[in-house]
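Heads up: the structure comes next, in structure tokens.
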Amino acid sequence: MIHKFFRRIFARNLPAVSTAPVVRMIPRKEHGISRQQISPGALKVTAALHQAGFSAFVVGGAIRDLLLGLEPKDFDVATNATPEEVRTLFRRSRIIGRRFRLVHVNYGNEMVEVSTFRANCSIDNNTGIPAQSYADQHGRLLHDNIFGSQEEDVMRRDFTINALFYNPATEEILDYLGGYEDIKAKRLRIIGEPVQRYREDPVRMLRAVRLAAKLDIQIDDSAAAPIGNLAPLLQNVPAARLFDEMLKLLMSGHSLACVVDLRMRGLHHGLLPMLDVILEQPLGERFITLALKNTDERVQQDKPVSPGFLFAALLWHEVLTAWNKRQAAGEKPLPALHSAMVETLALQRQQLAIPRRLDSIIYDIWTLQPRFLARAGRKPFRLLEHPRFRAAYDFFWLRCESGEINMEAGQWWKVFQHADGAAREAMLLKETVSKRRKRPRRRKPAESADRKSSDASCLMISAEK
Ligand code: ATP
Ligand code: MG
């Protein structure tokens with residue numbers, strides 16, 4: 001619906017897509033990247049393709065990152081060979097993807113992604129539906145892949161800094177669109193007409209935010225200006241693709257800067273619809289800020305980060321709100337917590353397809369929270385033995401740090417988990433024992449249910465502080 005609406009609005013009066021670009025060859029002595037900085041797999045793949053008579057370049061993020069002095073995550077190769085031609089050259093390779101067919105070539109532990117030059121599948125201005133590609137020099141059409149020339153491949157990429165081609169054989173960079181100057185000027189410039197390019201693929205707006213934060217560069221005015229108006233287009237992107245992009249953004253090592261920027265540009269509505277509400281509450285804002293800062297530090301120190309923990313954190317204050325509402329309506333604390341969790345995740349999934357495999361960690365982290373408030377009897381010992389204790393404790397600590405829970409409880413667990421047997425016994429709180437004495441005649445199941453609810457209400461009270 002919205003997609004069609006924007007198509008109608010923007011399909012008129014579009015400026016023509018830039019004409020075929022002119023290449024500038026940048027020698028090694030100017031750009032400084034030697035072939036030793038290219039991964040062994042990418043060197044091997046480009047060399048084998050050259051030997052077989054094809055052209056092949058290292059492209060995209062790797063060259064951009066090397067020019068910025070960063071360590072590339074992976075090395076992608078672009079070639080004029082078709083996926084089948086690439087496949088026959090490398091024994092340990094396979095063709096992947098239905099819409100865009102790529103070849104994954106394995107070399108030792110490395111995996112090199114090889115893509116065939118493609119042309120842009122531009123939108124026909126009259127009909128609003130994808131039109132046939134431009135004329136291509138080398139390209140062949142296979143399924144719905146539109147192969148193209150190297151020049152066309154340059155034009156279909158997203159930003160100029162991502163459209164640099166490095167030839168390991170000559171150590172030259174081919175720059176068709178001034179991407180090299182843009183890197184030096186720390187400027188993120190979109191290729192082609194911004195509105196049309198975002199309309200073709202709204203995820204490019206998220207990529208702009210992520211790359212700007214990760215690379216510490218400015219989004220060029222013409223690329224930044226349309227984002228506010230086009231943000232609703234994200235609603236048409238499949239929820240699974242949005243999840244992948246959101247995860248990349250959250251795991252970029254700059255998640256806090258990205259989320260702040262997403263919010264500033266109004267892009268978060270289609271991703272985390274409640275973020276506005278959460279960030280307007282001081283407790284919610286502090287909690288999410290701490291969680292993201294913590295994640296960024298872990299990524300920057302090469303420590304593992306759990307996506308389940310991250311989404312549990314991003315959604316926690318929504319769970320708290322729903323939980324409080326249900327209790328205010330008379331539901332018992334623990335069933336209310338359970339329903340609040342299920343409701344929050346289901347609502348979120350309408351926008352962002354958080355995979356089901358993350359449910360177990362997200363639910364465990366949330367359901368273990370009330371148990372950190374029971375610090376008497378055998379309960380703390382049982383909590384220590386839970387396989388997800390560590391993640392739940394880290395989460396509880398964030399809640400204490402953000403001011404939602406008294407820090408004294410966090411400190412208690414910090415000491416308790418590492419103390420020896422006698423010290424642990426000495427640390428147990430006494431008051432619950434006296435409570436137990438007051439109700440000696442209660443039957444066991446009723447007593448335990450009641451104790452559980454009193455733990456949970458405790459959490460409620462502190463959460464409302
Ligand atoms: P990083 O790997 O750091 O996330 P990257 O730029 O390498 O950044 P990839 O997703 O690996 O990102 O994409 C490789 C290249 O493919 C990009 O550099 C860009 O040229 C092109 N590309 C990726 N996504 C898009 C898109 N949505 N539209 C146009 N081109 C894209
Ligand atoms: Mg990449």
Side-chain angles (χ1 to χ4, degrees), residues 17-18 21 38-39 41-42 45 57-79 96-97 99-104 110-123 130 133 145-146 148 150-166 173-177 179-180 182-183 188-217 219 223 227 230 233-234 236-238 241-242 244-255 258 299-300:
V17 174
S18 322
I38 307 298
S39 71
V45 168
F57 300 88
V58 178
V59 287
I63 302 308
R64 172 200 74 207
D65 289 354
L66 285 172
L67 286 172
L68 285 165
L70 303 169
E71 197 186 321
K73 231 174 41 194
D74 43 40
F75 288 80
D76 300 326
V77 168
T79 177
I96 60 138
R99 218 158 66 80
F100 299 119
R101 299 171 76 236
L102 305 163
V103 188
H104 280 174
E110 192 187 343
M111 195 272 294
V112 182
E113 197 168 272
V114 184
S115 63
T116 303
F117 293 149
R118 293 202 300 260
N120 199 350
C121 175
S122 70
I123 304 283
S133 67
N145 257 338
I146 301 169
Q150 186 172 351
E151 289 75 9
E152 284 167 329
D153 193 72
V154 168
M155 298 305 293
R156 65 102 189 158
R157 291 179 182 272
D158 48 5
F159 303 103
T160 59
I161 63 169
N162 284 345
L164 296 170
F165 286 59
Y166 178 82
I173 287 179
L174 279 65
D175 180 6
Y176 289 87
L177 299 166
Y180 185 76
D182 287 339
I183 284 186
L188 191 71
R189 211 155 45 91
I190 197 163
I191 298 172
E193 206 284 315
V195 171
Q196 182 178 351
R197 297 310 309 283
Y198 290 139
R199 193 160 46 84
E200 283 171 7
D201 183 4
V203 160
R204 289 175 186 147
M205 296 188 275
L206 299 182
R207 287 178 58 85
V209 167
R210 174 167 64 89
L211 290 174
K214 173 178 154 174
L215 308 172
D216 191 21
I217 61 178
I219 306 179
I227 291 182
L230 299 182
L233 289 177
L234 279 177
N236 295 321
V237 177
R241 175 133 192 257
L242 277 189
D244 289 346
E245 282 302 322
M246 192 62 190
L247 197 59
K248 274 194 189 175
L249 189 143
L250 292 172
M251 303 291 224
S252 65
H254 302 271
S255 64
C258 285
V299 172
Q300 282 160 19

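The first residue in the sequence is number 1, and the count goes up from there. Start at 1 and go down the list; that is how both ligands and their atoms are numbered. Predicted model, so just to flag it, every value in this text is computed and none were measured.
At the top of the distance list for atom 4 (O) of ligand 1, counting protein heavy atoms only, stands R210 NH1, 2.8 Å. Protein heavy atom nearest atom 27 (N) of ligand 1, with residue, atom name and distance: D201 OD2, 2.7 Å. Protein heavy atom at the shortest distance from atom 2 (O) of ligand 1 is K73 NZ, 3.1 Å. Nearest protein heavy-atom neighbour of atom 6 (O) of ligand 1: R64 NH1, 2.9 Å. In this structure, atom 3 (O) of ligand 1 lies nearest to the protein heavy atom K214 NZ, 2.7 Å. Residue, atom and distance of the protein heavy atom nearest to atom 19 (C) of ligand 1 are D158 OD1, 3.4 Å.
Using a 4.5 Å heavy-atom cutoff, the side chains of D65 and K214 are in contact. Considering only heavy atoms from C-beta on, L211 comes within 4.5 Å of N162 through its side chain.
Residue R156 approaches ligand 1 through these ligand atoms, each under 4.0 Å from one of its heavy atoms: 29 (C), 30 (N). With ligand atoms numbered from 1 in the order given, ligand 1 contributes 18 (O) to contacts under 4.0 Å with heavy atoms of G60.
Taking both residues in full, the closest heavy atoms of R197 and R204 are given as O-NH1, 2.7 Å, listed atom of the first, atom of the second, then distance. Across A223 and Y198, no two heavy atoms sit closer than the pair O-OH, 2.6 Å. Residues C258 and V209 come closest through the heavy atom pair O-CG1, 3.7 Å.
Other residues, nucleotides and ligands contribute only 12 or fewer heavy atoms inside 6.0 Å of the CD atom of E71.
Side-chain N or O atoms of E113 include none that pairs as donor or acceptor with a backbone N or O of D76 at under 3.5 Å. R210 contributes no side-chain N or O that, together with a main-chain N or O of E245, makes up a donor-acceptor pair within less than 3.5 Å.
Residue-to-ligand polar distances place G61 within reach of ligand 1: an N/O pair is separated by less than 3.5 Å.
Closest to atom 17 (C) of ligand 1 by heavy atom, among R207, M205, E113, is R207. Considering M155, R157, K248 only, the shortest heavy-atom separation from atom 21 (C) of ligand 1 involves R157. Closest to atom 26 (C) of ligand 1 by heavy atom, among R204, R241, M251, is R204.
Comment: R156 does not engage D201 in a salt bridge, judged by the lack of any side-chain N to carboxylate O separation of less than 4.0 angstrom.
At least one heavy atom of D76 sits closer than 4.0 Å to an atom of ligand 1.
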